[in-house]
**Student:** 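Structure in structure tokens, see below.
Everything quoted here is computed from the prediction, not taken from an experiment. Protein chains get the first letters and strands the later ones, always in sequence-line order, with residue 1 at the start of each.
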Number of protein chains: 2
Amino acid sequence: MGMDERKFRILQAIIDDYILTAVPVGSRTISKKYDMGLSSATIRNEMSDLEELGYLDQPHVSAGRIPSAKAYRLYVDQLLHQGLLHSDSESAIRAHFLGRMRQMEDVIDHAAQVLSNLTNYTAVVLPPSGPQPRIRTLQLVPVSSNAALVVIVTDSGIVRDAVIRVSEQLDSDTLYAISKSLTKELSGCTLKEAVELLPQITGRMQDNEKLLQGLNSFFQENAGSSHAHVAIGGRSNILNYPEYSDTEKARSFLSLMETRDKLASIIAQQGEMAFTVRIGPETGVPEMADCSIVTATYSTGNGQQGTIGVIGPTRMQYNRVLSILGTMGHQLSELFSDD
Amino acid sequence: MGMDERKFRILQAIIDDYILTAVPVGSRTISKKYDMGLSSATIRNEMSDLEELGYLDQPHVSAGRIPSAKAYRLYVDQLLHQGLLHSDSESAIRAHFLGRMRQMEDVIDHAAQVLSNLTNYTAVVLPPSGPQPRIRTLQLVPVSSNAALVVIVTDSGIVRDAVIRVSEQLDSDTLYAISKSLTKELSGCTLKEAVELLPQITGRMQDNEKLLQGLNSFFQENAGSSHAHVAIGGRSNILNYPEYSDTEKARSFLSLMETRDKLASIIAQQGEMAFTVRIGPETGVPEMADCSIVTATYSTGNGQQGTIGVIGPTRMQYNRVLSILGTMGHQLSELFSDD
DNA sequence: GGTTAGCACTCAACCCCGGCGAGTGCTAAC
DNA sequence: GTTAGCACTCGCCGGGGTTGAGTGCTAACC
């Protein structure tokens with residue numbers, strides 16, 4: 001008993017129907033709604049086979065069947081293979097990005113918002129991260145008599161800043177002079193390298209103990225955290241789906257959505273492919289046992305990569321989501337390339 | 001029939017019990033659990049009176065009573081009046097702020113997190129906003145050949161930045177010179193005033209068309225948005241309470257929690273008092289018909305004010321929340337004053 | 001006159017049960 | 001290989017009885 005063409009078509013119909021209705025689908029439904037030229041009895045036989053093959057589950061004997069994770073897997077692989085992702089939503093997405101975005105975080109936030117609105121699922125957007133951002137410019141701006149703002153601009157145009165304490169008698173010009181020499185020394189370094197280089201520089205600069213100490217911890221703090229900012233949109237969208245009408249399930253899902261770090265590390269597991277689809281157990285997260293995660297990447301001009309993702313019930317509108325993610329990925333890549 | 005001492009004590013007991021259990025409380029419970037030296041029958045008579053006075057509601061005839069909004073109001077006013085808010089949580093909160101906070105947004109985020117953890121309700125923290133922040137320093141940092149980062153530091157130490165386009169042949173030194181002259185011109189101005197002053201300066205600076213245009217829109221964008229950043233913690237905490245086990249209610253609440261702007265404007269309605277408590281209908285927000293909002297203020301060294309708030313069911317542990325908010329307010333004020 | 005014991009009454013919550021209907025598996029005929 | 005027919009299964013739904021918490025009222029008590 002193999003998986004022939006007809007079985008596949010029937011399976012597809014079942015999945016389509018279940019995605020739409022969230023109700024176990026019976027043989028009669030298939031034979032009537034999707035005209036395959038087959039009677040319900042025949043469908044029944046095929047469904048029985050499909051169940052044996054592991055593509056369908058039966059909640060109980062007198063209910064219809066629901067697709068298993070394996071079925072979704074097949075379905076999605078098919079989608080990805082055919083590549084028939086009509087990007088109808090292109091214009092909708094483009095329209096959303098007409099307004100000028102001030103800064104990366106705004107773009108990220110906005111993208112997550114748009115993504116969740118378009119899909120009606122939860123959307124997550126990770127900022128670009130790459131080999132290691134390199135320092136391009138470093139500048140100190142006076143804030144008060146004994147504090148300064150240190151701003152670094154990296155090669156990817158990302159800006160990081162923090163307020164650090166400095167010794168008292170540093171005026172604007174002195175700070176600028178220091179900034180220039182530091183920029184000269186550190187330009188082209190990654191943040192990690194900068195941490196190592198600092199002690200050498202300390203030797204040559206006398207009394208600015210405090211300043212260098214501040215810089216040091218600033219570099220260290222930023223060297224690690226690549227997932228600094230994660231944008232999440234439509235957190236509560238999951239409640240639209242009957243799968244999560246159980247309060248307890250909803251709660252554990254939603255509290256996961258509140259821990260940015262964990263969420264980021266889940267989403268960040270993105271392979272080499274244009275799209276990654278993880279279905280149910282494949283997510284490896286117990287709270288998401290009946291969720292699917294679809295992710296895609298976008299890239300910036302200088303080879304950094306970011307990830308965008310959508311989280312929804314396993315019964316997800318995969319083709320729609322894939323198409324929207326694809327378009328959004330393009331838009332973001334474009335936006336970041338001519339920046 | 002007035003509101004005598006005994007009625008008040010009974011009402012208090014009812015509220016206490018209901019806050020604890022969320023179950024309509026009957027006369028027998030009161031006479032047994034809280035020994036008032038009265039039989040259930042007497043309590044019953046008093047409860048009947050209290051209902052007539054509008055302090056109690058009865059879901060149906062054979063259930064116990066639940067406190068009305070009016071009852072909570074009385075209860076809270078009593079609390080505030082007596083001022084017996086023992087701040088036991090002081091040390092817990094202080095411990096949370098030991099680590100150095102890099103920047104305001106971090107503090108805000110962290111405060112919301114701590115607040116929601118301690119109270120088990122949803123917490124909202126608004127950044128300080130005041131009369132109008134005044135520019136202290138303005139600095140331009142080169143980002144790429146045709147873009148610069150403009151950083152302004154205001155008198156409250158708040159930093160705003162944005163990337164703007166500049167004409168091509170501006171190197172670091174030129175930008176610094178421009179920064180210095182702009183700082184001289186604009187120092188002490190509010191952002192609004194800066195918008196008006198800019199055209200005059202334009203006259204004196206020749207070809208930097210692009211730059212000034214960028215600055216202009218940057219000022220304008222920032223002049224309005226006082227609620228730039230709102231920190232929210234424990235969004236899904238509301239699901240811990242049976243009041244919100246109804247999915248539909250939970251959904252409308254949670255989606256309100258996702259619209260930062262709306263939430264900010266709700267929270268921001270904080271009076272002159274140290275604390276503001278809005279109970280149920282008093283919130284004026286239909287989605288929060290059976291929520292209460294408790295807010296408090298903190299202040300920065302230079303007279304700016306921020307708001308912290310907690311949102312929970314009307315059946316809220318008001319004394320606990322008030323005490324925690326009070327302590328947190330102090331901590332934040334301290335943190336921002338010696339900055 | 002306030003307090004209390006007693007009692008009848010109410011009503012949501014719970015459980016049990018039978019009917020309904022969607023859906024299946026099997027068999028026999030085409 | 002396909003299909004019609006039929007017996008069977010089982011979750012869902014609605015009705016009816018039971019339970020128990022809680023009330024309001026009345027009469028007796030201090």
**Student:** Measure from NZ on A/K7 to P on D/dG1 and round the result to the nearest Å.
**Tutor:** 10 Å

**Student:** D/dA21 P sits how many Å from B/H60 NE2, rounded?
**Tutor:**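 Checked: the NE2 to P distance equals 13 Å.
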
**Student:** Check the distance between C/dG23's P and A/D57's CG and give it to me in whole angstrom.
**Tutor:** 17 Å

**Student:** Can any side-chain N or O of B/Q12 pair as donor or acceptor with the backbone N or O of B/Y75 at less than 3.5 Å?
**Tutor:** no

**Student:** Base, sugar-phosphate, or nothing: which does A/S40 touch, judged by heavy atoms less than 4.0 Å apart?
**Tutor:**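 No contact.
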
**Student:** Taking for each residue the nucleotide of DNA chain D bearing the nearest heavy atom, is the 5' side occupied by A/E46 or by B/G26?
**Tutor:** A/E46

**Student:** Go through the structure and list residues passing side-chain hydrogen bond (donor to acceptor under 3.5 Å, both in side chains) with B/K262, not counting sequence neighbours.
**Tutor:**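 For B/K262, no residue satisfies side-chain hydrogen bond (donor to acceptor under 3.5 Å, both in side chains) once neighbours in sequence are set aside.
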
**Student:** Tell me, which pairs form a salt bridge (charged side-chain N to carboxylate O under 4.0 Å, His left out) where one or both residues lie in residues 19-40 of chain B, sequence neighbours left out?
**Tutor:**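 Salt bridge (charged side-chain N to carboxylate O under 4.0 Å, His left out) check on residues 19-40 of chain B returns B/D17-B/K33.
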
**Student:** Can you tell me if the side-chain N/O atoms of A/R6 get under 4.0 Å from OP1 or OP2 in D/dT2?
**Tutor:**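 For A/R6, the contact criterion (side-chain N or O under 4.0 Å from OP1 or OP2 of D/dT2) is met.
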
**Student:** Just report the end-to-end axis angle for the helix from C/dG1-D/dC30 to C/dC30-D/dG1, five pairs per end, to 10 degrees.
**Tutor:** 20°

**Student:** Rounded to whole Å, please give me the gap between CE in B/M47 and C1' in D/dA21.
**Tutor:**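 It is 12 Å, rounded to the nearest whole Å.
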
**Student:** A/Y241: which residues meet the ring-ring contact (aromatic ring centres under 6.0 Å, His included) condition with it, sequence neighbours left out?
**Tutor:** A/Y121

**Student:** Checking A/A289 now: which residues fulfil side chain to side chain contact (heavy atoms under 4.5 Å, CB included) with it, not counting sequence neighbours?
**Tutor:**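 Residues passing side chain to side chain contact (heavy atoms under 4.5 Å, CB included) with A/A289: none at all.
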
**Student:** List for me each residue that meets side-chain hydrogen bond (donor to acceptor under 3.5 Å, both in side chains) alongside B/Y18, sequence neighbours excluded, and say none if there are none.
**Tutor:** none

**Student:** Within this structure, what is the OH-to-P distance between B/Y18 and D/dG22, rounded to whole angstrom?
**Tutor:**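 Value for this atom pair: 14 Å.
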
**Student:** Provide, to the nearest angstrom, the distance between the CG atom belonging to B/L50 and the C1' atom belonging to D/dT23.
**Tutor:** 15 Å

**Student:** Can you list the residues that meet the side-chain hydrogen bond (donor to acceptor under 3.5 Å, both in side chains) rule with A/Q113, with sequence neighbours excluded?
**Tutor:** none

**Student:** Under the rule for ring-ring contact (aromatic ring centres under 6.0 Å, His included), what residues qualify as partners of B/Y55, not counting sequence neighbours?
**Tutor:** none

**Student:** From CD1 of B/I10 over to C1' of C/dG2, roughly how many Å is that when rounded to an integer?
**Tutor:**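 It is 13 Å, rounded to the nearest whole Å.
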
**Student:** Can you name the side-chain hydrogen bond (donor to acceptor under 3.5 Å, both in side chains) partners of B/E5, sequence neighbours left out?
**Tutor:** none

**Student:** Below 4.0 angstrom from OP1 or OP2 of D/dT3, is there any side-chain N or O of A/T42?
**Tutor:**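 Checking D/dT3 against A/T42, a side-chain N or O does come within under 4.0 Å of OP1 or OP2.
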
**Student:** Do B/T276 and B/V294 make a side-chain contact, defined as non-hydrogen atoms from C-beta onward lying under 4.5 Å apart?
**Tutor:** no

**Student:** Out of C/dA22, D/dT23, C/dT10, which has the shortest distance to the side chain of A/S62?
**Tutor:**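 The closest nucleotide is C/dA22.
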
**Student:** For nucleotides 28-30 of chain D, list the nitrogen or oxygen atoms of the protein found under 3.5 Å from its nitrogen or oxygen atoms, one pair per line.
**Tutor:**
none

**Student:** What pairs of residues pass the salt bridge (charged side-chain N to carboxylate O under 4.0 Å, His left out) test when at least one of them lies in residues 64-79 of chain A, not counting sequence neighbours?
**Tutor:**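 Those involving residues 64-79 of chain A are A/E51-A/R65, A/R73-A/D77, A/R73-A/E282.
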
**Student:** What are the atom names and distances for every N/O pair under 3.5 Å that joins the protein to nucleotides 24-27 of chain D?
**Tutor:**
residue: D/dG24; atom: OP1; partner: B/R65; partner atom: NH2; Å: 2.9
residue: D/dG24; atom: N7; partner: B/R44; partner atom: NE; Å: 3.2
residue: D/dG24; atom: O6; partner: B/R44; partner atom: NH2; Å: 3.1

